[in-house]
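Protein chains get the first letters and strands the later ones, always in sequence-line order, with residue 1 at the start of each.
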2 protein chains.
Amino acid sequence: MRIVVADCSVDYAGRLSAHLPRAKRVLMLKNDGSILVHSDGGSYKPLNWMSPPCSHAQLELDETQTSAGIVEAWQVTHKKTADKLIVSIFEILHDSAHDLGVDPGLIKDGVEAHLQELLADQIELAGAGHTLVRREYMTPIGPVDILAKDAAGGSVAIEIKRRGGIDGVEQLTRYLELMNRDPKLAPVTGVFAAQEIKPQARTLAEDRGIRCLLLDYDAMRGMEDQNTLF
Amino acid sequence: MRIVVADCSVDYAGRLSAHLPRAKRVLMLKNDGSILVHSDGGSYKPLNWMSPPCSHAQLELDETQTSAGIVEAWQVTHKKTADKLIVSIFEILHDSAHDLGVDPGLIKDGVEAHLQELLADQIELAGAGHTLVRREYMTPIGPVDILAKDAAGGSVAIEIKRRGGIDGVEQLTRYLELMNRDPKLAPVTGVFAAQEIKPQARTLAEDRGIRCLLLDYDAMRGMEDQNTLF
DNA sequence: AAGTTCATTTCGAGA
DNA sequence: TCTCGAAGTGAACTT
């Protein structure tokens with residue numbers, strides 16, 4: 001990673017043509033040859049950039065450029081699309097290189113996991129009087145997201161998805177079939193919970209006697225915040 | 001703009017929860033309080049970030065943190081959504097600040113203008129034997145993008161859009177109506193040229209006897225490059 | 001101001 | 001490998 005702060009102008013030609021007038025900017029040159037041109041504002045999106053794979057070359061300066069005050073010119077070319085980015089540098093204000101190594105990468109706590117956590121905490125959303133038995137209840141063919149008991153004491157298996165499609169209903173159906181063979185659990189009813197339930201999935205679920213539960217992630221999160229605060 | 005290269009771990013809590021394990025990264029702190037966490041790879045999207053408006057605070061370190069080797073901890077909080085980003089720093093490898101001033105901003109050369117230029121140069125795309133009369137041919141209600149003549153010497157008015165919708169067809173229709181009143185031009189036929197023509201627009205155009213011409217921007221640009229090279 | 005569409009989108013999952 | 005949908009999308013344009 002090389003970081004250059006410079007007074008520069010930038011020209012891009014690719015899907016569109018774009019030009020950045022002369023100004024001080026931060027140029028981030030990554031090891032894969034890619035380059036980002038950042039200003040002191042805006043969002044995380046650079047003013048201009050070149051995505052990898054691409055190659056970096058130093059251009060020869062002609063008379064016009066040197067007399068205009070350009071001290072260095074870079075050309076970054078994309079290896080597949082022939083997109084081109086030219087950085088004309090008038091003054092380098094800072095230049096440093098850093099060996100960062102390979103990044104271990106971002107760990108995202110999936111929304112599904114979070115939904116499961118939230119619904120476990122707010123299990124009454126599945127029905128008045130419902131109580132939590134346990135999350136990730138193991139069955140021979142995999143874990144059921146949530147096992148609960150309804151007001152009458154009957155078992156309830158809940159499958160949680162962010163987007164509820166046919167697949168999720170089939171999955172829950174398999175769990176229910178298996179769990180209903182267990183005399184300690186049976187009869188087990190099913191709840192298919194998701195932020196969004198596709199019409200086909202809803203039809204299939206209801207046809208099989210599985211209840212559908214639409215989850216409002218933001219509302220559940222807001223509820224959680226209140227529980228934490230007080 | 002402050003640039004810090006540091007051995008750090010990052011935690012984000014907002015719409016989702018995310019964690020970046022300890023590693024060397026570049027932290028870009030913009031003047032508006034926003035922060036970008038970049039690694040030496042990936043695209044222009046940072047591993048993690050906080051968009052403005054947000055505020056930056058230095059956290060007090062507790063025993064657990066100091067014994068874990070953390071020398072500094074930052075908390076960046078969004079001013080509206082209460083999203084939170086915490087950067088735990090184990091070692092600062094580089095730290096510099098730069099006054100960049102306000103950026104004049106990106107100037108995008110519209111694709112439509114470029115398409116007009118390209119089609120004017122490759123006017124035979126509009127039909128074999130077509131010749132260019134002029135670009136931006138003025139009429140009392142505005143300029144027609146391209147005026148050409150077909151192989152038989154008849155006038156052809158071409159309207160160019162990046163995405164061809166109903167609006168563009170209506171616009172061209174008005175031009176054609178007007179131009180057909182001019183005995184020096186009449187009869188004038190219309191060509192609706194665009195990178196993408198919506199079905200409704202195509203139907204309307206063809207119903208009015210206007211030809212539709214799908215433009216392949218990349219191919220036209222490639223052709224232009226060849227013309228320039230040889 | 002609120003909604004819609006586009007993006008040099010980027011990114012990930014599923015087929 | 002390719003296609004399709006989501007994104008902590010952001011940004012520009014319409015209504």
With a 4.5 Å limit on heavy-atom distance, are the side chains of B/Arg2 and B/Asp95 in contact? yes
Report yes if the side chains of B/Gln171 and B/Glu159 come closer than 4.5 Å at any heavy-atom pair, otherwise no.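 Contact flag for B/Gln171/B/Glu159 side chains = yes.
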OP1 or OP2 of [N] less than 4.0 angstrom from a side-chain nitrogen or oxygen of [X], does that happen here?
X        : N     : answer
B/Arg163 : C/dC6 : yes
B/Ser51  : D/dG8 : no
A/Thr81  : C/dT8 : no
B/Lys108 : C/dT8 : yes
B/Arg162 : C/dC6 : no

Between C/dC6, C/dT8, D/dA11, which nucleotide has the shortest distance from any of its atoms to the side chain of B/Lys198? C/dC6
For atom CG of B/Asp167 and atom C1' of C/dT5, their distance in whole Å: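 Roughly 14 Å, once rounded to whole Å.
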Please report the distance, rounded to the nearest Å, between NZ in B/Lys161 and P in C/dC6.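 That distance rounds to 15 Å.
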Nearest nucleotide by nearest heavy atom, which residue falls closer to the 5' end of DNA chain C, B/Gly42 or A/Met50?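 Closest to the 5' end, via its nearest nucleotide, is A/Met50.
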Mind checking the P distance from C/dT5 to D/dG5? Whole angstroms is fine.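 Rounded to whole Å, the distance is 16 Å.
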Output field dot_bracket for DNA chain C (Watson-Crick or G-U, both distances under 3.5 Å, | for other-strand pairs) contains |||||||.|||||||
Is B/Tyr44 touching bases, backbone alone, or none of the nucleic acid, heavy atoms closer than 4.0 Å?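 Sugar-phosphate contact only - B/Tyr44 comes under 4.0 Å of backbone atoms but never of a base.
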Is B/Glu206 salt-bridged to B/Arg202, going by a charged N under 4.0 Å from an acidic O?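 Salt bridge between B/Glu206 and B/Arg202, a charged N being under 4.0 Å from a carboxylate O: yes.
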Between B/Leu47 and A/Lys45, whichever has its closest DNA chain D nucleotide further toward 5' is B/Leu47
Residues which pass side chain to side chain contact (heavy atoms under 4.5 Å, CB included) with B/Glu136, listed by chain and number, not counting sequence neighbours: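 For B/Glu136 the side chain to side chain contact (heavy atoms under 4.5 Å, CB included) partners, ignoring immediate neighbours, are B/Gln116, B/Pro143.
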